[in-house]
Amino acid sequence: MLSIKRIQKEAGEIIERLKVRNFDGSEIIGQVIDQDKKRRGILQDTEKKKAELNRLSTDIGNLFREKKNDEAKQTKEKTGKLKEEIKKLDKEVGEIENKLNDLLIQIPNIPHSSVPAGNSEGDNEEIRTGGEFPELPGDALPHWELAVKYDIIDFELGNKITGAGFPVYKGKGAKLQRALINFFLDEGTKAGYLEVQPPVVVNEDSGYGTGQLPDKDGQMYYIQTDNLYLIPTAEVPVTNMYRNVILDAEELPVKNIAYTLCFRREAGSYGKDVRGLNRLHQFDKVEIVQIQHPGKSYETLEEMTVHIEGLVQKLGLPYRIMRLCGGDLSFTSALTYDFEVFSAAQKKWLEVSSVSNFESFQSNRLKLRYKEKGEKKTNIAHTLNGSALALPRILAALLENNQTPGGIMIPEILRPYTGFDIITRNP
RNA sequence: GGAGAAAUGGCAGAGUGGUCGAAUGCGGCGGUCUUGAAAACCGUUGUCCGUUUACGCGGACCGGGGGUUCGAAUCCCUCUUUCUCCGCCA
């Protein structure tokens with residue numbers, strides 16, 4: 001969320017910049033400013049009364065000690081009314097704070113100045129492209145047919161044991177998946193990321209911390225008995241490791257990489273684009289997360305983009321990098337680059353990574369701060385994350401783009417991980 | 001799952017109703033001493049909020065929430081977590 005202080009200082013500019021994401025913030029920001037002013041007024045009143053009560057209490061203690069019991073009793077009588085008033089004012093402040101919080105969580109992050117205006121995907125801006133489009137024969141198969149032909153992914157079996165969107169990977173399919181995970185993790189650790197294995201189930205506080213709650217409540221699987229959520233991305237547990245933490249400035253940037261399962265209900269996305277591996281309820285993903293000094297977070301975003309680009313290049317996939325327009329930008333992000341690879345048999349661009357700078361939007365809520373050496377003041381850090389990479393669509397593109405009459409060729413770089421260089425019908 | 005114990009500052013650890021934001025030790029930071037370092041000694045050392053040009057002043061926080069009291073780290077309720085023992089188990 002945005003900080004109240006920033007809203008007070010830059011209200012006009014914020015309203016202006018939120019227009020890029022087609023968000024009219026004028027009314028809500030006005031309300032925030034009003035409520036905050038009201039809050040501070042009452043707070044001052046409350047604190048004055050509390051100070052008075054504290055003084056009386058100290059007096060009473062002293063009087064008892066000096067055996068002036070009568071005087072103490074008299075003083076005691078003065079406190080009753082004061083206490084009542086304090087109770088009432090405290091309640092008022094609490095109510096206003098709740099209201100303020102409700103307002104604040106409705107305001108999305110401020111888009112970076114480079115974010116183009118626009119309503120949807122079509123308005124995203126292409127930044128770079130790379131890789132070669134494969135020359136496939138006319139009878140090239142989409143990956144869901146290759147999966148059957150080579151018996152490497154079983155969608156039917158997944159339907160049977162769980163439901164749609166939960167495939168079973170088999171044989172070389174499973175091994176290829178495992179190879180990709182290890183490859184991505186190794187590349188990340190080489191680039192200085194610390195590997196972590198977080199829980200894939202998180203509590204409510206963590207959901208709020210990174211902004212999945214209350215916004216995307218219905219998109220997460222929820223375990224009612226224990227009031228826990230299955231994570232939609234490793235971003236949630238990894239970033240929340242730093243909830244309520246004050247880092248030393250020298251520790252920045254913090255770089256973590258995590259492989260986890262991800263679970264998404266994908267409510268409301270039935271129909272198109274859900275065939276095969278294109279959209280799953282459970283999938284594997286390697287995620288990179290950084291915590292950075294505010295002055296350096298955009299440099300870091302570029303660095304992460306280059307890292308991800310390197311992965312796609314090493315896998316030999318044709319790709320393009322898109323800068324998301326205001327309308328396509330997620331609620332919490334200030335700037336996002338999407339990576340898409342071309343899956344040549346279905347002739348589709350598939351999103352395989354999304355790398356974002358959240359600036360202080362998550363950190364404000366997380367209370368994630370850092371402190372310069374020798375300074376007393378704490379500052380809000382910036383958080384960033386990106387997929388590096390999401391597995392299923394990479395797998396889809398690899399299968400489709402590398403199919404040959406003799407089998408599916410494994411990219412050179414993965415062969416040390418798979419132990420085989422081709423997927424054939426008879427393993 | 002059953003029985004019991006506990007949760008205090010970066011860490012260790014005192015504190016069972018009043019000047020306790022909290023003793024003491026360690027660590028950290030600054031200084032004296034030293035060619036340099038160590039040791040020793042002296043000082044300092046939490047976070048958030050409000051207010052103030054500033055010095056400062058005020059409020060809140062001893063796992064979370066609620067309560068009793070003029071006054072709570074201390075008493076009561078509740079939740080969470082940790083430890084010990086028993087049971088079950090990858």
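All chains are named by letter (A, B, ...) in the order of the sequence lines, taking the proteins before the strands, and each is independently numbered beginning at 1.
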Legend entry - Pairwise P distance for B/A23 and B/A73, with rounding to whole Å: 14 Å
Inset, instruction - Please measure how far the C1' atom in B/A90 lies from the corresponding atom in B/U16, and state the result in whole Å. - result: 44 Å
Legend entry - Salt bridge A/Asp45-A/Lys49, side-chain N to carboxylate O under 4.0 Å: yes
Legend entry - Donor-acceptor pair, side chain of A/Asp284 and main chain of A/Val286, under 3.5 angstrom: no
Inset, instruction - For B/G18 and B/G10, measure between their P atoms and round to the nearest Å. - result: 25 Å
Inset, instruction - For nucleotides B/U68 and B/C77, find the distance between their C1' atoms and express it as a whole number of Å. - result: 10 Å
Legend entry - Rounded P spacing from B/G9 to B/U47 in Å: 14 Å
Legend entry - B/A14 - base-pair partner by Watson-Crick or wobble geometry, distances under 3.5 Å: none
Inset, instruction - State the pairing partner of B/G9; accept Watson-Crick or G-U wobble contacts with both distances under 3.5 Å, and report none otherwise. - result: none
Legend entry - With A/Glu340 via side-chain hydrogen bond (donor to acceptor under 3.5 Å, both in side chains) - residues at least two apart: A/Arg320
Inset, instruction - Using the P atoms only, state how far B/A39 lies from B/C29, rounded to an integer number of Å. - result: 12 Å
Legend entry - Partner nucleotide, any strand, of B/G36 [Watson-Crick/G-U, under 3.5 Å]: none
Inset, instruction - Any strand is fair game: report the nucleotide pairing with B/U69 by Watson-Crick or G-U wobble, both distances under 3.5 Å, or none. - result: none
Contacts under 3.5 angstrom, residues 63-74 of chain A side chains, donor-acceptor by atom type, not counting sequence neighbours:
{"residue": "A/Arg65", "atom": "NH1", "partner": "A/Asn62", "partner atom": "OD1", "Å": "3.0"}
{"residue": "A/Glu66", "atom": "OE1", "partner": "A/Lys68", "partner atom": "NZ", "Å": "3.1"}

Distance-only donor-acceptor pairs under 3.5 Å for side chains of residues 388-400 of chain A, two or more places apart:
{"residue": "A/Arg393", "atom": "NE", "partner": "A/Asn278", "partner atom": "O", "Å": "2.7"}
{"residue": "A/Arg393", "atom": "NH1", "partner": "A/Glu351", "partner atom": "O", "Å": "2.7"}
{"residue": "A/Arg393", "atom": "NH2", "partner": "A/Asn278", "partner atom": "O", "Å": "2.9"}
{"residue": "A/Glu400", "atom": "OE1", "partner": "A/Ser343", "partner atom": "OG", "Å": "2.9"}
{"residue": "A/Glu400", "atom": "OE1", "partner": "A/Ala345", "partner atom": "N", "Å": "3.0"}
{"residue": "A/Glu400", "atom": "OE1", "partner": "A/Gln346", "partner atom": "N", "Å": "3.0"}
{"residue": "A/Glu400", "atom": "OE2", "partner": "A/His143", "partner atom": "N", "Å": "2.9"}
{"residue": "A/Glu400", "atom": "OE2", "partner": "A/His143", "partner atom": "ND1", "Å": "2.9"}
{"residue": "A/Glu400", "atom": "OE2", "partner": "A/Gln346", "partner atom": "NE2", "Å": "3.3"}

Legend entry - Paired nucleotide for B/C88 [Watson-Crick or G-U wobble; both distances under 3.5 Å]: none
Inset, instruction - Name all pairs fulfilling the salt bridge (charged side-chain N to carboxylate O under 4.0 Å, His left out) condition that reach into residues 25-36 of chain A, sequence neighbours left out, sorted by first residue then second. - result: A/Asp36-A/Arg39, A/Asp36-A/Arg40
Legend entry - B/G4 - base-pair partner by Watson-Crick or wobble geometry, distances under 3.5 Å: B/C83
Inset, instruction - Sugar-phosphate atoms are those with a prime plus P, OP1 and OP2; base atoms are the rest. Using that split, label each nucleotide of nucleotides 46-70 of chain B B, S or - for protein heavy atoms under 4.0 Å, 5' to 3'. - result: SSSSSS------BSS---------B
Inset, instruction - For B/G50, give its Watson-Crick or G-U wobble partner with both distances under 3.5 Å, or none. - result: B/C57
Legend entry - B/U44: pairing nucleotide in any strand, Watson-Crick or G-U under 3.5 angstrom: B/G28
Inset, instruction - Kindly write out the residues that satisfy ring-ring contact (aromatic ring centres under 6.0 Å, His included) with A/Tyr208, not counting sequence neighbours, or none if the list is empty. - result: none
Legend entry - Whole-Å C1' distance, B/A14 and B/U74: 13 Å
Legend entry - Separation between the P atoms of B/G58 and B/A6, rounded to whole Å: 37 Å
